[in-house]
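We use all heavy atoms of the structure for the numbers below, so side chains are in, but hydrogens, waters and symmetry mates are not.
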Amino acid sequence: MLAPKPVFFNKCTIGYLYRLRTYASPPPRPPPQLSLLADKCTSMDQLKQVHAQMVVSARVHDNFAASRLLSFCALSECGDLSYALRIFQSTREPNGFMWNTLIRAQASGPNPCKAIFLYMKMRRLGVVPGKHTFPFLLKSCSSVRSLKFCRQVHTQVLKFGLDLDLHVFNGLLKSYSLSGCLDDARCMFDVFPERNLSVWTTMVCGYAQNFRSDEALVLFDQMVAEEYEPNGAIPTMASVLSACAQSGCLELGKKIHAFMKEKGIEMGVILGTALVNMYAKNGAISMAWSLFDSLHEKNIATWNAMICGLATHGHGEEALSLFRKLQKEHVMPNDITFVGVLSACCHVGFVECGREIFQSMERVYGIEPKIEHYGCMVDLLGKGGELLEAEELIKKMVWKADVVILGALLAGCRKHGSCEIAERVVKEILVLEPHNHMVHVVLSNIYAEAGRWDDVLRLRKVMKRRNVKRTPGWSIVDDV
DNA sequence: CTAGGGTTAG
């Protein structure tokens, strides 16, 4: 039998090269454009697939693609910050964009201080900040309201020569005016060579947020005189009205409303909502109602502003009937709506109604309750005396109970004199905050109201051992 | 090569 004659390829023949290409080397597939794929992600699942692609094709160190992934995880609504952090940690040399993205995410997250620490880390590694770093960093300074941080960041801005950038300047103004240095902000504003509408807006809002509505009004008039453009006016008005709502400047709000009428600025959803919110927050409920009814375009934020305004001013029943109307008109509520409605139930003590609404959130509307909603429910059940149910609800949560939610339950225990549950709650709070002595005081008040004097004395000894100072909260204990 | 301010809750 003749063995098949091996085909001999000289190293120089075309055939050899061809064989090398087709068999010896892995089949060459055009590499997918990972950064383009990353841009098209709409969910974390898709993003993880793209990330997996990156790993298997040994391109985890493609910084550009990684940046896009990071930006989705960190900033998108359906993103996942912890996943973003993992991508970041697995990157060999994160570029400036990646640092900025993380700083931005942390600045708008629940713990804005982290943005500042991130910046320090970035500087320690010698990465140079750019004009996109500071606006985000300054945002976290504004929410922390720490003058110390503001000044430190300001020196960094000067060091890197970015003090003439309008966005950076605007961030500086905002954080100074929120950290109690409004007058310093004004000085900077007066000497700055360039101004735009957002800088003006920041300054006017700064006065409004610092309860100086007269000066806000003067500046507002000046702004209108110097550069008024109807299109740019909408964001300005909206932020100023929001500042009025937060700080209770009803007069300034009214004047802006009058100004809008005078200039014939169209009342769109955004300005309409801002006005309804401003009137409702300031307790001008009838004004808010008439405005709400006259708006021909409403969105869910408008309804929320009205419902929450009613709830916070003790018109719980009206808030609930407005919610029924919303359901009748087939408007889709969101999670904020339910915070308002549940807190309305709290104010009027409608336990059964609150229970039903809480159930309907997920079943009817497919909205997953957040910790705020659980907080409202625990508050409601606790006030209504359903303490065991409230405790069960806390256990069912996927998050660890925080001090706020446990405090709500403790308040319920006090109202209904339940020592057993109160003891358990206090124990849990002390795990979270070992130095929170106030809970001892509350607990001893609960014991005192139940007439359990020996427990009061026992607790008093505990407090003495822990060297707790006397506070006004002791009053009932002192009656022993 | 990518990115920065407008309405609603806590």
Side-chain angles (χ1 to χ4, degrees), chain A residues 33 35-36 38-39 62-72 74-75 95-105 107-108 110 130-139 142 162 165-171 173-174 196-203 205 231-246 267-278 280-281 288 291-292 295 297-312 319 326 331 333-344 346 370-376 379 402 404-405 408:
Chain A
Q33 282 289 321
S35 54
L36 289 181
D39 265 346
D62 175 350
N63 258 3
F64 187 64
S67 304
R68 307 317 312 252
L69 290 184
L70 188 80
S71 145
F72 180 87
L75 304 176
N95 54 21
F97 178 81
M98 294 173 94
W99 282 102
N100 292 350
T101 307
L102 271 197
I103 288 177
R104 178 181 174 191
S108 40
K131 62 175 180 175
H132 287 290
T133 313
F134 289 110
F136 305 126
L137 192 58
L138 285 163
K139 189 178 174 190
S142 340
L162 291 165
D165 184 280
L166 259 180
H167 285 290
V168 176
F169 176 67
N170 196 15
L173 275 192
K174 207 175 277 179
N196 64 9
L197 212 51
S198 54
V199 173
W200 275 102
T201 308
T202 303
M203 213 53 240
C205 286
N231 289 335
I234 294 173
T236 311
M237 305 278 182
S239 345
V240 177
L241 284 172
S242 166
C244 293
Q246 282 165 29
M267 183 85 70
V269 224
I270 290 180
L271 285 181
T273 306
L275 273 173
V276 167
N277 180 45
M278 191 275 298
K281 276 282 157 49
L291 213 88
F292 181 81
L295 287 179
E297 197 190 345
K298 298 186 190 92
N299 66 13
I300 188 60
T302 323
W303 289 86
N304 289 348
M306 197 64 218
I307 290 175
C308 296
L310 287 169
T312 48
L326 172 143
V331 183
N334 66 7
D335 51 338
I336 300 172
T337 319
F338 285 102
V339 174
V341 176
L342 289 175
S343 67
C346 268
K370 288 187 181 172
I371 195 158
E372 293 96 318
H373 304 107
Y374 278 90
C376 290
D379 196 10
D402 59 1
V404 178
I405 211 164

Using ring pair (Phe, Tyr, Trp, His ring centres under 6.0 Å) as the criterion, list what pairs up with A/F338, not counting sequence neighbours.
A/F323, A/Y365
Any side-chain heavy atom of A/K298 sitting closer than 4.5 Å to one from A/F292?
yes
Distances for protein N/O vs nucleotides 6-10 of chain B N/O pairs under 3.5 angstrom?
residue: B/dT7; atom: O2; partner: A/T273; partner atom: OG1; Å: 3.3
residue: B/dT8; atom: OP1; partner: A/S242; partner atom: OG; Å: 3.4
residue: B/dT8; atom: OP1; partner: A/N277; partner atom: ND2; Å: 3.2
residue: B/dT8; atom: O2; partner: A/N304; partner atom: ND2; Å: 2.7
residue: B/dA9; atom: OP1; partner: A/K281; partner atom: NZ; Å: 2.3
residue: B/dG10; atom: N2; partner: A/E372; partner atom: OE2; Å: 3.4

Can you tell me if A/H167 uses its side chain to pair, donor with acceptor, with the backbone of A/K131 under 3.5 Å?
no
Among A/L275, A/V276, A/N277, which one satisfies side-chain contact (heavy atoms from CB on, under 4.5 Å) with A/L241?
A/L275
Counting any heavy atom closer than 4.0 Å, what does A/D165 reach on the DNA or RNA strands: base, sugar-phosphate only, or nothing?
base
Check the interface with nucleotides 1-3 of chain B: list each N/O to N/O pair with the protein under 3.5 Å, or write none.
residue: B/dA3; atom: N1; partner: A/N100; partner atom: ND2; Å: 3.1

I'd like to know if the side chain of A/N299 and the backbone of A/T302 have a donor-acceptor N/O pair within less than 3.5 Å.
yes
With A/V404, which residues qualify under side-chain contact (heavy atoms from CB on, under 4.5 Å), at least two apart?
A/D402
Counting the atoms with a prime plus P, OP1 and OP2 as sugar-phosphate, which does A/K131 contact under 4.0 Å by heavy atoms, base, sugar-phosphate, or nothing?
base
Show me the pairs that pass side chain to side chain donor-acceptor pair (under 3.5 Å) and involve residues 95-105 of chain A, at least two apart or across chains.
A/N100-A/T133
Who pairs with A/Y374 by ring pair (Phe, Tyr, Trp, His ring centres under 6.0 Å), at least two apart in sequence or on another chain?
A/F358, A/W399
